[in-house]
Amino acid sequence: MPLDFRRRYENYIEIWDPIVYALWALRLTTLKAIKRDGIAALTSFPKLLAEGFALWYRTLNTHFVRFENTTALPTLVGSAEGIVLELGPGLGNQLPRLNQDKVEHIYGIESNEFFIPELRDKVVECGLVDKYTVLAAGVEDTNVLEKSGVDYETVDTILSVQVLCSVNDPEAVAKDLYKVLKPGDYTGLWNRTWSCLIGGCNMNRDILSILRGAGEWEGFGTLDGDEEPWSVLPRAWGTLVKPIKRFS
Ligand SMILES: C[S@@+](CC[C@H](N)C(=O)[O-])C[C@H]1O[C@@H](n2cnc3c(N)ncnc32)[C@H](O)[C@@H]1O
């Protein structure tokens, strides 16, 4: 194995910038909330974290989009078709990358209330008002999905871009998502097998094993990734297909 000091160094350094911004965002959000609601604001810490995460994401967003444009992500998102379930759309960064001719309808399920207004604006900006339903809920909330018609084997594409790292009980979520996917269709994924400090993400989550445990898939061999033995932020991306059951 080559020592590759330069790339190792860049990998170790890469994590610190987002962490510094995360602490800055959390401090700013907390001070703002205390000014507004007094010290009582501290009792709803999860809300402060959610607001801080939204500020962090918004602040760094142009860098995320610019970086993603140099990757396979735009092509992957552009291949989404039919009924699409987008997990955690955030600010709606993936919306301009969708091929609207291929997409019939998109359900975007987002748990952070502080992203929702900008997500709705993005839906309008991208001309997707008739095609995009914003669901303000967690992906764990199968009731919300069912009520919207996202039910057993109704979805052609699940788009998951850096989200499964932060859901609660990812094994159960992956199994539920597997159920809503139509056989023969696919799940597009671009997941970090780590994730970020705020927003409840876990840096040590093995997303690929979790997906493997959700059910039978075709396409594991075709997934791509940039994991190195020393990677702090390894990513994996590609397309998995739920196989069509053949009865003999
Ligand atoms: C790293 S951001 C990625 C945003 C977006 N997918 C993108 O590509 O720009 C993770 C997003 O997932 C959302 N999220 C985290 N946990 C979630 C959950 N349990 N249900 C729905 N959304 C969730 C976060 O609020 C955030 O918007």
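First listed ligand is number 1; within each ligand, the first listed atom is number 1.
For F64, the heavy-atom gap to ligand 1 stays at 4.0 angstrom or more.
Of all atoms in ligand 1, listed by their number and element, those nearer than 4.0 Å to a heavy atom of N112 are 25 (O). The contact set between ligand 1 and N93, taken as ligand atoms under 4.0 Å from a residue heavy atom, comprises 9 (O). Atoms of ligand 1 lying under 4.0 Å from any heavy atom of I109, numbered from 1 in the order shown and given with element: 21 (C), 22 (N). Counting atoms of ligand 1 from 1 in the listed order, those under 4.0 Å from a heavy atom of F53 are 24 (C), 26 (C). Close contacts of ligand 1 with G88, meaning ligand atoms under 4.0 Å from a residue heavy atom, involve 4 (C), 5 (C), 6 (N), 11 (C), 12 (O), 13 (C), 22 (N), 27 (O).
For the residues W56, Y57, F114, F115, the heavy atom positioned nearest atom 9 (O) of ligand 1 is part of Y57. Of the candidates S166, S111, P89, G90, the one placing a heavy atom closest to atom 21 (C) of ligand 1 is S111. Among E110, Q94, E140, the residue whose heavy atom lies nearest to atom 24 (C) of ligand 1 is E110. The option from V163, V139, D141 that lies nearest to atom 20 (N) of ligand 1, judged by heavy atoms, is V139.
Close N/O approach between G138 and ligand 1 is not found [any backbone or side-chain N/O within under 3.5 Å]. Polar contact with ligand 1: absent for E68 (N/O pair, distance under 3.5 Å).
The existence of a salt bridge linking E118 and R58 is confirmed by a sub-4.0 Å separation between a basic side-chain nitrogen and an acidic carboxylate oxygen. The existence of a salt bridge linking E68 and R97 is confirmed by a sub-4.0 Å separation between a basic side-chain nitrogen and an acidic carboxylate oxygen.
A donor-acceptor contact shorter than 3.5 Å is absent between the side chain of E110 and the backbone of A136. Under a 3.5 Å cut-off, the side chain of K242 and the backbone N or O of E216 do not form any donor-acceptor pair.
Of the residues V180, T157, D156, the one that meets the side chain to side chain contact (heavy atoms under 4.5 Å, CB included) test with I83 is D156.
Considering only heavy atoms from C-beta on, L87 comes within 4.5 Å of I109 through its side chain.
Note: Y57 and F64 meet the aromatic proximity criterion, with ring centroids under 6.0 Å apart.
A single hydrophobic cluster is not seen to contain both V65 and V77; linkage of ILVMFWY side chains at heavy-atom distances under 4.5 Å, directly or through other members, places them apart.
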